[in-house]
Chemist: 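This structure is in structure tokens; I'll ask about it shortly.
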Amino acid sequence: MTLADLEFTPEDMRRMGEAVVRRVVDHLATIQQQPVRGDVDAADLCRAMREPAPEQGSALEPLLDSLFNDWIPRTFNTASPGYLAYIPGGGVFPGALADLISSGVNRYTGVWLTAPALVQLEANVLDWMREWMQFPASTRGLFTTGGSKANFTAIICARERKLGTELRRGTLYLSTETHHSVAKSARLAGILPDRVRTIPVDGEYRMRADALEDAIARDRAQGLMPFLVVSSAGTTNTGAVDPLREIAALCRREGLWHHVDGAYGASFHLCPELRPLLAGLSEADSLTLDPHKGLFIPYGTGALLVRDGDALRAAHSESASYMPENRDDDEFYDPHQYGPDLSRGFPGLRVWLSFKLFGAARYRAAIAEKRALALDAAQRIAALPHVVMDAPPQLSLFAFHLEWPGASLAAQDAATRELLERVTRRGRVMITGCHAGGRFLARVCVLSFRTHATHMDTCVEHIAEEAQAIVAREL
Ligand SMILES: Cc1ncc(COP(=O)(O)O)c(C=O)c1O
């Protein structure tokens, strides 16, 4: 072997692959016993880890030792069944297999001509999503790295379609509860903060369509060009679903683009019986889905659907003399013409392999189970003494706070914050909080495929015990 030879023998590859698979499987086999939040007070560890690039290679096993024994445990355990923080997902095993395959064979899936059948797999998955979301045949989509990039791409499409060169006159509408990736994406897309309008929400944290209509009228009267409303199919704070149908109708009347951020909630549309909860979602001009949340795929898998597929293509299509000629027929999906990337990974394989192995029926059952678990847990938590349920589950997320006679708002906020910290410190269940409606709320989001009734029993039990201890001290 010369110094320049970077190939392994088949035997070495097999041995190394088996070593990695063994570690991953051992890790997953004990995921229930591992703390839901590792020790992330790790500044000293991170400082100690800084090192120059190694001049010589080393063996695999010591590297795996460091990863699996020292570094992976010191994280939020987002793969744990007790992870009810932020927006979970879990990361199904077929997603990991897909990554091994796609990195192993390393084919070029940015251009149809270079890997037509592999690109077709991604096109199939985008088409499955289109059908689940009940979007029309004119729709085209794009895999992204996550919901943030999908929101960004939607804003670009709307900007191109509705504003053209009138960038400074365009105004964009979101709510006080919209995910911060939307404001960030607007800025990146050249829509500066003074052209972003924040619409108030109602008592259930949903964007107020009447206030939206007023804001649009005010901007028109100022000579501005309202062009885009971003609504939420499930907000991050409280899981609220905006009045999507009403907003869609308003956007049609006013000639605005309606983007729905379904990063958290869109997957519930897979279940026909839950579609009424998301009424109007199918009427959007574009929709963000986040398979690494509600489709339980590993991180790095977002998606966007655009009703007018030509708009997505017009925003991204380019040609160059060294590139294969762009196909001008529409039969075969060509990813680089629909998104900003040329060379890219193969995210669609994760979703394709997962759905092929499980089948959509098991997926629907898992998604419906998450909602049922949330409804049941929310009911039990709402019945606890000193708990006030601020946001019952519209999908599978609920938010609440602690309250007792004579307590100031600051004391309630502090107690609620203490509650989620104490529950999380017990190691089995992790929950996080948010500010909404002028106070601090604890929130529980049930969306990991690994979360089942027994984990929710633990969640309710630990919240009950810790709430009781905190309030008893205060009374
Ligand atoms: C409603 C909503 N939109 C967008 C995002 C951003 O998605 P991502 O983290 O995949 O970029 C999130 C993330 O939690 C979200 O909850």
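Counting from 1, the numbers follow the sequence of the chain as shown. Here the structure is a predicted model, which means the values were calculated and not measured. Order of appearance sets the numbers: ligands from 1, and atoms from 1 within every ligand.
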Chemist: Within the distance-only criterion (no hydrogens, no angle test), does the side chain of Arg443 pair as donor or acceptor with the backbone N or O of Ala399 below 3.5 angstrom?
Modeler: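 The answer is no, because no donor-acceptor pair under 3.5 Å joins these two groups.
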Chemist: So if I apply the side chain to side chain contact (heavy atoms under 4.5 Å, CB included) rule between Phe152 and each of Ser181, Cys157, Ser185, which one comes out positive?
Modeler: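 Single pass found, and it is Ser185.
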Chemist: I want to check a possible cation-pi pair here: Arg307 against Phe135, using under 6.0 Å from ring centre and within 45° of the ring axis as the test.
Modeler: yes
Chemist: Specify whether His452 and His455 have parallel, tilted or perpendicular ring planes, treating 30° as the upper limit for parallel and 60° as the lower limit for perpendicular.
Modeler: tilted
Chemist: List the residues meeting side chain to side chain contact (heavy atoms under 4.5 Å, CB included) with Ala303, not counting sequence neighbours, and say none if there are none.
Modeler: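 Side chain to side chain contact (heavy atoms under 4.5 Å, CB included) check on Ala303 returns Met129, Phe143, Leu289, Pro291.
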Chemist: Do Asp290 side-chain atoms and Lys293 backbone N/O form a donor-acceptor pair below 3.5 Å?
Modeler: no
Chemist: I'd like the contact residues of ligand 1, where contact means a heavy atom below 4.0 Å.
Modeler: Ile87, Gly146, Gly147, Ser148, Asn151, His179, Ser181, Gly234, Thr236, Asp261, Ala263, Asp290, His292, Lys293
